[in-house]
Amino acid sequence: MAMKLDGVVPFGRSWDEYVQMFQLTETDLQKSILGVGDGPASFNAEGTKLGYNIKSIDPLYKFTAKEIKTRFDQVVDNIIEQIKQTPQDWVWTYHGSLEGLRKNRERAIDNFCQDYEQGKLEQRYEIGELPKLQYRDRQFQLGLCSHFLFLYSQQFDVNFHLQGIREMLRVCEQVRIFPLLTLMLERSPHLEPVIQQLTRDGYNCEIIPVPYELQRGGNEMLKITSPDAE
Ligand SMILES: C[S@@+](CC[C@H](N)C(=O)[O-])C[C@H]1O[C@@H](n2cnc3c(N)ncnc32)[C@H](O)[C@@H]1O
């Protein structure tokens, strides 16, 4: 489906947030990494500077950095106001406050925008979207998906999730997904059926508690490993 920018909230997370959400160790970071739905996160920009090997894909990458940043500027006040209206839904241990969250999101998109043109030239940012990826079987060792799968469970059904995750497992030896909550702060109804089916397929699925939490209760990630990659 063609993506329209006026339906997108381009909020991106930082390198440090990815490290915490996915419990990335130095051993993990040495792997070839595919970030699926990385949007305007600064994971790739910051990680590349540190010398790691990361490719990000997102349908958003058909737009320019300027277009993505303009959309961010249009929606940021409204999103921050919505969060302010629902204080019971958020945990501030990481960002400290609403102002801290806003600053971190602004810093992430600024880092992303500064890196974007060069990253496109280096094919570190490529247009792509689930449920079909344009990469070879096992082209990557580690696949990450932050704040897309499970979060948008109302918009994408269980079949989309299963197809998308199987596709990530085709191109990556291991896949990690965070968070496991929907936008309504409940565990995704797709989580159990997905785990059951992937376990039947022979994958090892683990739900792992992580130190990062912003959505209240959203401090778990799903790690799925191919049997021959363990
Ligand atoms: C909430 S943002 C998360 C961005 C980033 N992963 C992060 O955590 O900071 C969700 C992202 O999913 C992307 N997206 C939408 N449909 C997608 C699809 N079918 N496959 C992959 N990514 C998709 C959006 O463009 C957006 O950038």
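We're numbering straight along the sequence, starting at 1. Remember, it's 1-based here, ligands and their atoms both numbered in the order they're listed.
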- Does ligand 1 have a heavy atom under 4.0 Å from the side chain of Phe112, from its backbone, from both, or from neither?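 Neither; nothing of Phe112 gets under 4.0 Å from ligand 1.
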- Have a look at ligand 1 and work out which part of Phe43, if any, has a heavy atom under 4.0 Å from it: side chain, backbone, both or neither.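 For Phe43, no heavy atom sits under 4.0 Å from ligand 1.
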May I ask you to list the atoms of ligand 1 that are less than 4.0 angstrom from any heavy atom of [X]?
X: Phe11; answer: 4 (C), 9 (O)
X: Gly39; answer: 27 (O)
X: Ser146; answer: 3 (C), 5 (C), 6 (N), 7 (C), 8 (O)
X: Tyr18; answer: 5 (C), 6 (N), 7 (C), 8 (O)
X: His147; answer: 1 (C), 2 (S), 3 (C), 8 (O), 10 (C)
X: Ala41; answer: 9 (O)

- Heavy-atom contact under 4.0 Å between Tyr152 and ligand 1? yes
- Task: Could you verify whether a donor N or O on one side chain and an acceptor N or O on the other, from Glu26 and Tyr52, lie under 3.5 Å apart?
- Result: yes
- For Glu46 and Trp15, indicate whether the former's side chain and the latter's backbone hold a donor-acceptor pair under 3.5 Å.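 Yes: the side chain of Glu46 pairs with the backbone of Trp15.
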Which pairs of donor and acceptor atoms, one on a side chain in residues 179-186, lie under 3.5 Å apart (sequence neighbours left out)?
unit_1	atom_1	unit_2	atom_2	d
Thr182	OG1	Met184	N	3.0
Thr182	OG1	Glu186	O	3.4

For the residue pair [X] and [Y], does the interplanar ring angle fall in the parallel (under 30°), tilted (30 to 60°) or perpendicular (over 60°) class?
X: Phe112; Y: Tyr61; result: parallel
X: Phe72; Y: Phe11; result: tilted
X: His95; Y: Trp92; result: perpendicular

- Could you tell me whether His190 and Phe150 have their ring centroids closer than 6.0 angstrom?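 His190 vs Phe150: aromatic centres not under 6.0 Å.
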For [atom], state which one of [options] supplies the nearest heavy atom.
atom: atom 26 (C) of ligand 1; options: Ile68, Asp58, Val36, Leu133; result: Asp58
atom: atom 20 (N) of ligand 1; options: Asp38, Val9, Leu130, Leu144; result: Leu130
atom: atom 23 (C) of ligand 1; options: Gly12, Pro59, Cys145; result: Pro59

- Which residues satisfy the side-chain hydrogen bond (donor to acceptor under 3.5 Å, both in side chains) test with Lys132, sequence neighbours excluded? Glu167
- Nearest-0.5 Å distance that lies between atom CG in Asp77 and atom NZ in Lys84: 10.5 Å
- Taking both backbone and side-chain atoms of Met21, is any N or O found less than 3.5 Å from an N or O belonging to ligand 1? no
